[in-house]
Structures are given as structure tokens and as C-alpha cells.
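These numbers were taken from a predicted model, which means no experiment stands behind them. We name chains A, B, ... by the order of the sequence lines, and we start the count at 1 in each one.
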There are 2 protein chains.
Amino acid sequence: MVTINTNTPVDEELVKEKEAAFAAFIQRRGLKTTRQRNTIISTFFRMRGHISVEELLVQVKKANPRIGYATVYRTLHLLVESGLVEERRFGDGLARYEGHSAVEHHDHMICLECGLISEFYNPRLEALQESLAEENNFEIYRHRLELYGVCKDKAACEARKQQKAARAQGA
Amino acid sequence: MVTINTNTPVDEELVKEKEAAFAAFIQRRGLKTTRQRNTIISTFFRMRGHISVEELLVQVKKANPRIGYATVYRTLHLLVESGLVEERRFGDGLARYEGHSAVEHHDHMICLECGLISEFYNPRLEALQESLAEENNFEIYRHRLELYGVCKDKAACEARKQQKAARAQGA
DNA sequence: TGGATTACGAAAACTGTTTTCATTATTGAA
DNA sequence: TTCAATAATGAAAACAGTTTTCGTAATCCA
């Protein structure tokens with residue numbers, strides 16, 4: 001299994017590339033480059049993990065408090081349309097957006113205690129799915145696999161939980 | 001792979017069993033048996049597939065037009081709490097409920113053309129997931145796997161699509 | 001630099017779901 | 001049975017997350 005490390009610092013090179021790709025998309029579509037969109041995407045691409053609109057808005061407001069959530073929503077839709085970002089839903093009712101990923105496709109493990117979302121990729125799993133689809137006369141475009149459970153490392157899990165509670169307190 | 005057949009008629013015996021199980025649950029909880037709840041659950045258990053609140057309400061209203069959606073929502077929650085029904089979300093924003101299933105756990109294949117939702121189960125897939133979780137020091141409580149794509153049998157797929165369109169027209 | 005066009009922000013609208021509240025039904029005990 | 005006590009109902013309001021509207025402001029190309 002490939003477990004995807006999400007604790008390394010964000011690669012500035014890659015961010016710049018993504019920003020350029022988005023700028024190209026905007027141009028191709030005949031849309032306009034705006035200060036707000038730039039703020040939103042550069043904030044987004046420098047954040048890690050599975051980001052909710054709320055979380056993004058908080059960061060964006062630090063750079064420019066006048067930016068409203070309508071613009072954040074609109075920009076996220078554009079990011080999704082551009083193919084640079086994926087929208088995901090993990091059943092808590094809110095959309096989460098994901099931009100940086102070491103590998104293209106991956107699945108998720110979600111800890112129900114501390115909320116940690118780990119990414120992983122396994123070719124055997126992919127192959128097995130393909131063969132099942134084949135058997136069923138079905139052609140897969142995409143799939144979603146989520147494992148819900150708990151971390152076995154209780155100490156680390158508890159620490160994350162505390163940290164999360166503290167952050168919620170502060171907000 | 002086990003592909004689960006969802007075209008066989010609903011087994012009356014099984015429905016009666018589920019109704020009895022729900023009645024027992026109601027009693028155990030100290031809740032009351034009502035005409036509305038009986039209508040809703042017996043309608044639900046006689047429907048097949050992955051039923052949305054809307055779809056259920058339509059059927060329920062045929063038996064008793066005075067039943068409102070608040071009661072349908074409330075009853076579905078009770079069904080979920082009783083363990084007789086599972087709630088699922090396939091990303092179109094609405095909850096779907098599933099009561100009858102030949103096997104306990106199963107995964108889904110969803111056709112993006114005709115909307116067909118097929119259920120399947122494969123022990124190798126389950127085992128592989130367990131081993132991946134093990135590797136990652138994670139304990140799985142439950143999981144969700146959904147394959148999105150299209151039916152390879154274009155004729156059957158198209159027929160279902162037509163049928164669906166006709167039904168939407170009629171409603 | 002002008003003028004067409006697109007984007008913005010605030011607020012209203014929307015969707016699916018949950019809650020409230022006054023009224024009605026069910027229940028177990030007398 | 002009848003009587004409270006309690007739970008359930010239905011209509012409407014509230015709710016959360018998201019999308020749309022609308023008047024104003026910014027962008028961009030000629």
C-alpha cells in the first residue's frame with residue numbers, strides 16, 4: 001500500500017504551476033482575472049487536506065476580510081471545472097475540496113474519533129474492482145472507497161482530538 | 001462475485017418478519033403504534049431498491065394522503081435506529097433508504113446513464129481492505145465502496161432511461 | 001479611455017431535512 | 001370504559017449548506 005504523507009510542507013513550485021494552470025483556464029473560458037479569485041486560489045493551494053468552504057473562508061478573510069462566501073463558492077466551482085480540484089463528501093453534510101495530492105487517484109480512511117482523513121492507494125484494489133465491474137458488464141468511470149473506523153494508535157488519536165477541540169474553542 | 005438480484009418479487013414472509021421486528025422495537029422503546037407508522041413501514045418494506053423520502057411519500061400518500069413528510073422522515077429515522085434499514089447517500093444530495101437485502105453488507109455500482117444501482121459483494125475485496133487497514137494501523141468499523149460508470153449493455157440501459165423519463169413525465 | 005462584459009458582495013432564495021407547536025391519538029391504570 | 005399521561009401527528013417555521021439575484025464595481029480589449 002502507498003500511504004500518502006500529508007504532513008510535508010506545501011511545494012511552492014507546484015503551487016505556482018497550479019496557479020498558472022488556473023490562469024490559463026480562466027483565459028481559455030474568456031473569464032476575468034480578479035484580485036479576489038487570486039486570493040482564494042492561492043490560499044486554497046497553500047492549504048493541506050480536505051478543505052471545507054468554511055475553513056477556506058476563514059483563511060481567505062485573513063488576507064481580505066471583504067471577500068464573501070458567494071465568491072468562495074463560485075471560485076471553488078471554477079477550480080473543480082478546471083480539473084485542478086476535486087469535490088468530495090464524507091457524509092457530514094458538507095462538501096470538501098482537495099487540490100494537492102501526491103497521487104492522482106486515492107481512497108480514504110476516516111477516523112470517527114479524531115477526524116483524521118488518511119489517503120491511500122493500492123493497485124490490487126483497483127484491479128479487483130475492474131475485474132468485478134467486468135464480470136458485471138459494467139464500465140467504471142470513477143469510484144469511491146471510504147473506510148470508516150478508528151486509529152489504533154490511541155495516544156496520537158487522542159492528541160488530535162484534543163487539538164481539534166481546542167481549535168473549535170478558539171474559533 | 002455475488003451479484004444481488006433485485007428484480008425478484010418482494011417476499012411477503014420476510015416483510016411480515018420485518019414488520020414484527022419493528023413492532024418489537026417500538027414496544028421496547030416505549031413508543032406507540034400508530035396507523036401512520038404502520039402505513040409507512042408496510043409501504044416501505046414492499047418497495048424495492050434505494051428509496052428516497054420523496055419516492056416513499058408518493059407511495060404512502062396513495063394509502064393515506066393526509067400523511068405528511070415530517071412523519072415519513074421521523075419513521076425512517078426510527079427504522080434506521082431499529083437496525084432494519086440503512087441510510088445511504090450517493091452524492092446527489094438526497095438520502096436513500098434501503099431495507100431489503102439478500103446479504104448483510106454489500107457495495108454498489110451506479111450507472112450514470114440510466115441510474116441503475118446494482119449491489120454486489122466480494123469477499124476478496126473485503127479481505128484486501130482489512131489488510132490495508134491493518135498496514136495503516138487502523139481499525140475498520142464500516143466502509144463504503146461505490147463504482148460509478150455506465151452499463152455495457154446499451155440496449156437495456158437505454159430502455160431503463162426511457163422508462164425513467166416516462167415516469168418523471170407522469171409524476 | 002470607453003464601453004461591453006464579467007465579477008463582486010449582500011441578501012434573498014432554494015433544497016433537503018429537522019424542529020416547533022397546537023391538536024389528536026394511544027396507552028396502561030383505575 | 002374512562003381517564004389522565006404521554007407520545008405522535010401535520011402544518012408551518014426553522015435550519016444548514018449552497019445557489020441565485022441584483023445593483024454596483026472591476027476588468028479588459030478595442
Once base and sugar-phosphate atoms are separated, protein heavy atoms under 4.0 Å mark nucleotides 17-30 of chain C, 5' to 3', with B, S and - as BBBB----BBS---
Can you sort out the partners of [X] under side-chain contact (heavy atoms from CB on, under 4.5 Å), two or more places apart, ordered by chain and number?
X: A:R37; answer: A:I26, A:L31, A:T34, A:T75, A:L78
X: B:E126; answer: B:H105, B:D107, B:Y121, B:H143
X: B:K16; answer: B:E12

Side chains of A:S42 and A:E19: closer than 4.5 Å at any heavy-atom pair?
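Result yes, sub-4.5 Å side-chain heavy-atom pair found.
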Could you state the CD1-P distance from A:I41 to C:dA7, rounded to the nearest angstrom?
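Going from A:I41 (CD1) to C:dA7 (P), I get 14 Å.
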Once you round it to whole Å, what is the distance between P of C:dC8 and CD1 of A:I67?
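Nearest whole value for this atom pair: 8 Å.
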So which pairs with a foot in residues 145-154 of chain A pass salt bridge (Lys or Arg N to Asp or Glu O under 4.0 Å), sequence neighbours left out?
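Of all non-adjacent pairs touching residues 145-154 of chain A, those that pass salt bridge (Lys or Arg N to Asp or Glu O under 4.0 Å) are A:R144-A:E146, A:E146-B:R144, A:K152-B:E134.
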Within residues 55-64 of chain B: residues closer than 4.0 Å to DNA chain C (heavy atoms)
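Close to the strand, none.
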Who pairs with B:K61 by salt bridge (charged side-chain N to carboxylate O under 4.0 Å, His left out), at least two apart in sequence or on another chain?
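Partners of B:K61 by the salt bridge (charged side-chain N to carboxylate O under 4.0 Å, His left out) criterion come out as none, since no residue qualifies.
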Could you tell me which residues satisfy salt bridge (charged side-chain N to carboxylate O under 4.0 Å, His left out) with A:E139, sequence neighbours excluded, listed by chain and number?
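For A:E139 there are no salt bridge (charged side-chain N to carboxylate O under 4.0 Å, His left out) partners, ignoring immediate neighbours.
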Boundaries of the DNA chain D segment in contact with chain A, non-hydrogen, under 4.0 Å:
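Reading along DNA chain D, I get D:dG17 to D:dC28.
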Enumerate the side chain to side chain donor-acceptor pair (under 3.5 Å) contacts for residues 24-33 of chain B, please, sequence neighbours excluded, ordered by first and then second residue.
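Every pair satisfying side chain to side chain donor-acceptor pair (under 3.5 Å) with a residue in residues 24-33 of chain B: B:R29-B:E81.
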What residues form a ring-ring contact (aromatic ring centres under 6.0 Å, His included) with A:Y73, not counting sequence neighbours?
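Checked A:Y73 against ring-ring contact (aromatic ring centres under 6.0 Å, His included); zero matches.
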Sequence neighbours excluded, which residues qualify as ring-ring contact (aromatic ring centres under 6.0 Å, His included) partners of B:Y148?
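Expected list: none.
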